[in-house]
Structures are given as C-alpha cells and as structure tokens.
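Beneath this line is the structure, given in structure tokens, with notes to follow.
Computed from heavy atoms alone, side chains included, the values below leave out hydrogens, waters and symmetry copies. In this text the structure is predicted, and so the values were computed from the model without any measurement.
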Amino acid sequence: MEKQVTLLSSQLFQKHRQVEVVLNRSVLAWKPVEKSRKPCSGTCDSVQSYSVEVCEIVAVRKTEDDDQDAAQTGKHQKKTKQLYPYAFTVSYVRRTRQHQWRCSEVTFHCANQALCEEWVQVTNEQLSLLTNRPKSLLVYINPFGGKRHGKRIYEQKVAPMFRLAGIATTVIVTERANHAEDHLKTEANLDKYDGVVCVGGDGMFSEVLHGLVARTQNDHGVDQNQPDAELVPCSLRIGIIPAGSTDCICFATVGTNDPVTSALHIIVGDSQPMDVCSVHHNDVFLRYSVSLLGYGFYGDVLSDSERNRWLGPARYDLAGVKTFLSHNYYEGTVSFLPAEDDVGNPRDKLQCRSGCSICQHNRSSKDEHGDVSEEKEKPGKDDSSDWNEIHGKFIAINAANMSCACPRSPKGLSPFAHLADGNADLILVRNCSRLDFFKHLLRHTNKDDQFDHPFVEVHRVRKFRFEPECHKLVSLEDLSEPPTKTGYSTPLGSWSCDGEILPEVAIQVSVQCQLIRLFARGIEEQQQQQQQCVSDDPCTLCALEPTTD
C-alpha cells in the first residue's frame with residue numbers, strides 16, 4: 001500500500017506519558033514512545049497504538065488552562081505543566097455498542113507554543129478540506145412529539161456539539177402542525193443553509209420532507225400532481241435528531257435511536273440517498289412516503305389509534321389488539337410493475353448496509369441509461385405483460401421503502417428492503433385465520449422468515465396501484481353504516497402513509513429513486529464498527545513514517 005505524505009510528526013505528552021503523534025491527510029495516529037526503540041517487524045513486541053480517521057475528527061482546539069487542570073490531576077499535574085505548558089484537544093467519533101457513537105477527546109501537551117499552534121492550524125486545515133461537512137443548518141424542533149423532550153434533547157445534547165464543530169444554526173421551535181412544512185415551502189431562505197435538521201419523531205421528519213420536496217419541485221417548475229412527473233432531487237440533506245415515539249426512519253438509516261449518534265453523523269457530513277414513494281389518486285397528489293404504506297391491518301390500527309391520542313404511545317398497542325381481534329379483510333385488485341432483475345428480491349437475505357452495492361449499482365445504472373421509458377411503465381393493452389395483476393381478499397397490503405426496523409421489530413416488516421435501489425417491497429397478506437395471521441405478526445419480532453407462509457407473498461416493485469372492489473358500489477351514506485358481517489370494518493378501509501391517513505383508497509404509487517439525502521451513512525456492518533481508534537497493531541505508526549517526497 002502506498003504511503004501517504006506525513007504532514008506533522010512530533011513527540012508530545014499525553015496522560016503522563018510521552019507519545020509519538022503523526023498526522024497525514026487521512027489519519028491522526030499516536031502511540032507511546034518506547035524506551036528502547038527497535039525496527040518494526042512482524043515479530044516486534046506489541047505496543048498499543050491509536051488512530052482516528054481525519055474525516056471523523058469533530059474539532060481541534062487549543063486547550064485552555066482550566067481544561068488542562070481538569071485533564072491533568074494528581075502528582076503529575078505540576079510537572080506536566082512545567083515541561084509541556086501548551087496543549088491542544090482533539091474531539092473525535094468513538095463507536096460503542098449497538099451502532100451508537102460518542103464524542104471522545106484526547107489532549108496532547110506540547111513543549112512550546114509554536115508547535116501547539118502548528119498542530120491546531122494544520123489539523124484544522126485538513127478538516128476545512130472536507131467539503132461535505134455542513135457549516136450552516138436550519139433546525140426545526142417539535143416540542144410536542146413523543147415524550148415532549150425534543151427541545152431539551154436539542155439544547156442539552158446536540159447544540160453543544162454543533163457549537164464545538166463550528167456549525168451555525170437557525171433554530172425554529174414549531175408552534176402548530178405543519179409549521180415546518182409551510183415555512184420550508186414559502187419563507188425559508190434555503191440558499192443560506194447546507195442542510196435541514198428536524199428534532200422530533202417520524203411525523204416531524206415527514207413535515208420537513210414534504211416541505212423540502214415541494215419547495216424543490218416548485219422552484220424547478222415541476223407539477224407534483226402529475227403521477228409520471230420526473231421529480232427533481234433535493235439539494236439539501238436532511239438530518240434527524242430522534243425525539244419521537246418510534247423514530248423508525250432514524251433507526252433504519254443509522255441503526256439506533258440515539259440523538260448524540262445522529263448529531264455526530266450530521267457533523268461529519270455523512271450522506272445517505274433515499275427513495276421516496278409519491279402517492280396519487282388519479283391526477284391528484286396525496287402524500288410522499290419513505291417508510292411504510294399500509295392498507296388493511298396497519299391502516300385500521302392507525303385509524304383506531306387516532307381516536308385515542310390522549311393515551312399517548314400506548315394507543316398503538318390498544319388499537320393493535322382491537323384490530324387483530326376484528327380480523328377484517330378487504331377485497332380489491334393490486335397491479336404492479338416488477339423491479340429489474342439485477343436488484344435482488346425481498347427474500348435474498350442481502351441486507352442494505354453502509355455502502356450497499358445494490359443501491360450504488362442502481363444509481364450508476366440510472367445515470368448511464370436514464371429512466372425507464374414512460375411507454376413501458378404505463379399499464380395498457382400493448383404492455384400488459386410488463387405489469388402483474390392480483391385480485392383477492394387481503395388482510396394487509398404493505399409497501400416498504402426500507403426495512404421499517406425499530407426497537408420493537410429489529411428486523412422490520414421487510415428485512416431485506418433497500419434504502420436507495422429505486423424500488424419498494426410490496427407485501428400481500430391474503431385472508432387467513434387469526435392464528436395464521438398471528439404467526440405472521442410474531443415473526444416481525446424474531447429471526448424467522450416472515451414471508452414463509454402460503455397466504456403471504458412479496459414482490460419488489462417500481463410502481464403499483466390498488467383498486468378496491470367496492471370503490472364504485474358504496475354510496476357516501478353507506479360509509480356511516482356500522483360494521484357488517486362481510487368482514488369489513490368500513491366499506492373501504494384506510495391507507496396509512498408514514499403515520500398519516502390518506503383521504504383516498506384507490507391509489508397509484510411510484511418510487512422516486514434517491515429523491516432525498518439524509519445526514520446518515522446506512523447501518524454499518526460489524527467489521528465497520530471495529531473503529532481504528534484503538535488497535536493492538538504495533539506497526540500502525542510504521543505505515544505513517546515520513547516519506548522522502
């Protein structure tokens with residue numbers, strides 16, 4: 001492997017010991033200085049070494065005297081300050097268990113002021129070259145969502161880290177529903193910012209999503225009411241500071257519902273593209289969806305829970321039990337356009353992880369070949385072979401843009417769905433017994449294949465449509481009638497769209513490939529979690545020795 005040019009190399013003091021510190025363009029590394037230094041070889045004695053990637057350094061600053069006193073305690077403090085009176089502190093990302101990140105610090109003491117200032121200056125120059133990092137953010141805080149801790153979470157856990165990283169923020173505490181969406185659509189001067197951050201739950205994220213996407217389409221003259229319109233991707237990234245009840249979107253894109261972790265992903269400038277489903281009724285735009293579109297069971301759960309909002313998050317458990325006992329089914333026709341053959345399938349056990357090859361391949365293919373022609377995608381007499389049609393009685397129809405994993409369902413509704421492959425996983429649960437349906441739901445909480453039932457089928461699709469059987473047979477007066485014995489709780493049921501009830505049942509859905517980007521990087525694999533910060537490789541610094549260039 002080619003050695004990188006060393007920018008700085010010094011012997012400094014850290015935690016009562018002398019260390020050799022080396023900086024190049026990608027890594028900051030240090031290890032204790034050996035009393036008797038030997039040439040590095042594969043058999044040399046093990047000396048613990050440390051390294052941090054430059055892209056995961058949060059900030060570098062000169063350490064004030066008060067900070068030095070706090071860092072150095074005991075009998076060595078006076079001696080250290082005499083020999084090494086100047087110091088600088090490096091704040092960096094440290095990975096812990098379950099995908100959580102923390103901001104750790106290491107302080108190095110220098111013998112002279114010029115050397116200390118050089119380390120601070122050169123390291124900060126390297127950070128300034130990381131153009132993906134945000135410098136100014138527009139922050140929306142929902143003070144009412146979840147357990148009403150959004151404002152406190154931001155002020156105590158997030159804002160101090162943004163200040164440490166030198167990020168300027170404009171903070172707006174929302175006062176009503178759709179406040180953030182309306183502000184983004186009309187008032188916000190988006191040219192001033194590098195990203196938009198929402199502090200709250202999935203509902204708050206949905207507000208920011210709809211406001212930002214609508215603003216982008218309006219600025220580019222795109223009519224959102226046209227189902228086949230090619231939407232313009234948003235230029236600003238969206239950050240999520242979780243402060244809601246479930247925070248499904250944050251969990252599925254970072255791997256944890258932890259505000260500090262999310263703040264650090266924002267600071268280091270991560271970028272995760274994400275598909276968005278556009279939902280229409282005829283030529284009228286209804287909503288966007290990034291996680292779950294659910295008809296039947298999940299639509300009924302949401303409808304019932306909305307009548308008991310005073311119960312808080314417990315309303316979902318109560319509504320779930322009531323809906324399960326009702327065991328309603330709905331008859332209709334599902335038509336869908338299957339995904340291309342090279343994007344896998346919902347049961348291939350290929351999880352979407354950071355740097356996902358399927359999502360990256362899909363993006364490169366789209367850039368190279370362009371979108372599939374509209375003529376091919378529209379269902380009609382001449383292309384019926386491209387579209388599949390299924391008629392039946394369904395307990396649930398679900399479309400997942402992501403795994404929809406959350407703490408209660410670690411695998412999610414579709415464990416192998418992808419964030420940015422331009423497709424959604426369409427899950428059809430046909431009418432079955434209560435016991436069979438319970439077995440299907442139970443598998444959302446364990447490692448068994450939840451699609452391995454004769455009454456369940458799943459398809460990876462680019463587009464789909466649903467037409468209820470009784471859509472043209474039921475009058476408005478009939479909608480107020482009590483439940484009948486045919487299995488319908490209402491004549492048509494309801495669609496749940498990321499936690500909101502759609503006003504229409506007959507819908508058409510198109511997956512908009514990578515329409516938005518988040519300040520995230522996808523869930524890291526286990527080996528990616530093994531951070532370089534602490535290693536037992538005695539040759540770490542040998543690879544960073546100064547070159548002769």
Side-chain angles (χ1 to χ4, degrees), residues 1-15 17-34 37-40 44 47-64 67-68 71 80 83-95 101 103-135 161 164-167 264 267-271 521 528 530-549:
M1 190 173 92
E2 183 180 352
K3 293 182 180 180
Q4 294 195 42
V5 177
T6 298
L7 302 175
L8 284 175
S9 178
S10 304
Q11 289 193 0
L12 307 176
F13 205 82
Q14 186 258 335
K15 282 190 176 180
R17 62 184 178 182
Q18 197 170 27
V19 293
E20 182 177 1
V21 189
V22 179
L23 173 69
N24 64 28
R25 289 185 175 85
S26 62
V27 174
L28 171 70
W30 66 97
K31 74 172 182 180
V33 175
E34 302 174 65
R37 180 143 190 181
K38 301 177 182 179
C40 184
C44 60
V47 176
Q48 191 175 52
S49 57
Y50 304 79
S51 64
V52 177
E53 293 186 36
V54 170
C55 63
E56 293 188 355
I57 293 177
V58 174
V60 180
R61 66 190 188 280
K62 186 176 178 180
T63 311
E64 302 299 331
D67 295 333
Q68 290 193 53
T80 301
L83 298 177
Y84 300 91
Y86 305 98
F88 65 94
T89 298
V90 179
S91 303
Y92 62 92
V93 171
R94 176 175 60 87
R95 288 165 174 78
W101 286 9
C103 185
S104 289
E105 292 186 342
V106 58
T107 298
F108 297 105
H109 298 262
C110 308
N112 62 78
Q113 183 176 1
L115 180 62
C116 179
E117 291 178 349
E118 183 182 16
W119 271 96
V120 173
Q121 177 185 345
V122 174
T123 309
N124 277 320
E125 286 175 354
Q126 294 306 303
L127 295 183
S128 67
L129 298 177
L130 303 174
T131 56
N132 59 320
R133 292 196 172 196
K135 296 180 177 59
M161 288 196 295
L164 176 64
I167 299 176
L264 288 170
I267 289 171
V268 301
D270 280 338
S271 182
R521 64 174 59 177
Q528 292 172 308
Q530 304 301 321
Q531 191 197 22
Q532 297 177 358
C533 177
V534 180
S535 75
D536 293 324
D537 180 9
C539 302
T540 299
L541 289 182
C542 296
L544 299 176
E545 289 292 342
T547 67
T548 57
D549 295 341

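Counting heavy atoms from C-beta outward, S9 and E20 have side chains that approach closer than 4.5 Å. Contact check for V54 versus R25: no side-chain heavy atoms found under the 4.5 Å cut-off. You'll find the side chain of W119 reaches within 4.5 Å of the side chain of L8, heavy atoms only. Residues Y50 and V106 fail the side-chain proximity criterion, which asks for heavy atoms closer than 4.5 Å. Under the 4.5 Å side-chain criterion, counting only non-hydrogen atoms from C-beta, V21 is not in contact with Q14.
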- Message: For a side chain to side chain contact (heavy atoms under 4.5 Å, CB included) check, start with the C-alpha distance between R61 and S91, then their side-chain angles and the critical distance, and finish with the verdict.
- Response: CA-CA 9 Å; R61 66 190 188 280; S91 303; 3.2 Å; yes
- Kindly indicate, with the supporting measurements, whether the criterion side chain to side chain contact (heavy atoms under 4.5 Å, CB included) is fulfilled by V58 and V93. CA-CA 7 Å; V58 174; V93 171; 4.3 Å; yes
- Query: Checking side chain to side chain contact (heavy atoms under 4.5 Å, CB included) for the pair L28/V90: CA distance, chi angles, key distance, verdict?
  - Reply: CA-CA 10 Å; L28 171 70; V90 179; 4.0 Å; yes
- Task: Let me see the working for L164 and I267 under side chain to side chain contact (heavy atoms under 4.5 Å, CB included), right down to the final yes or no.
- Result: CA-CA 10 Å; L164 176 64; I267 289 171; over 6 Å; no
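Checked by atom type and distance alone, the side chain of T89 never pairs as donor or acceptor with a backbone atom of T63 at under 3.5 Å. R133 places a side-chain N or O within 3.5 Å of a backbone atom of C55 that can act as its donor or acceptor partner.
Note that CD1 of I57 is 5.5 Å distant from CG of L127, once rounded to the nearest 0.5 Å. Rounding to the nearest 0.5 angstrom, the gap separating the OG atom in S128 from the NZ atom in K135 is 7.5 Å. The OG1 atom of T107 sits 11.5 Å away from atom CG of L12, with the distance rounded to the nearest 0.5 Å. Taking CD of E118 as the reference point, atom SG of C110 lies at 9.5 Å (rounded to 0.5 Å). Within the model, atoms NZ of K62 and CD of E117 stand 5.0 Å from one another, a figure rounded to the nearest 0.5 Å. L130 contributes atom CG, which lies 11.0 Å from atom CD of E56 (distance to the nearest 0.5 angstrom).
The aromatic rings of W30 and Y92 lie perpendicular to each other, with more than 60° between the two planes, well past the 30° mark. Ring geometry for F88 against F108 counts as tilted: the plane angle lies between 30° and 60°, on a 0 to 90° scale.
Nearest heavy-atom pair across V33 and V19 is CG2-C, 3.6 Å. Residues S10 and L115 come closest through the heavy atom pair OG-CD1, 3.6 Å. In terms of heavy atoms, N24 sits closest to V5 at CB-O, 3.4 Å. Closest non-hydrogen pair, C116 versus Y86, comes out as CB-CB, 3.9 Å.
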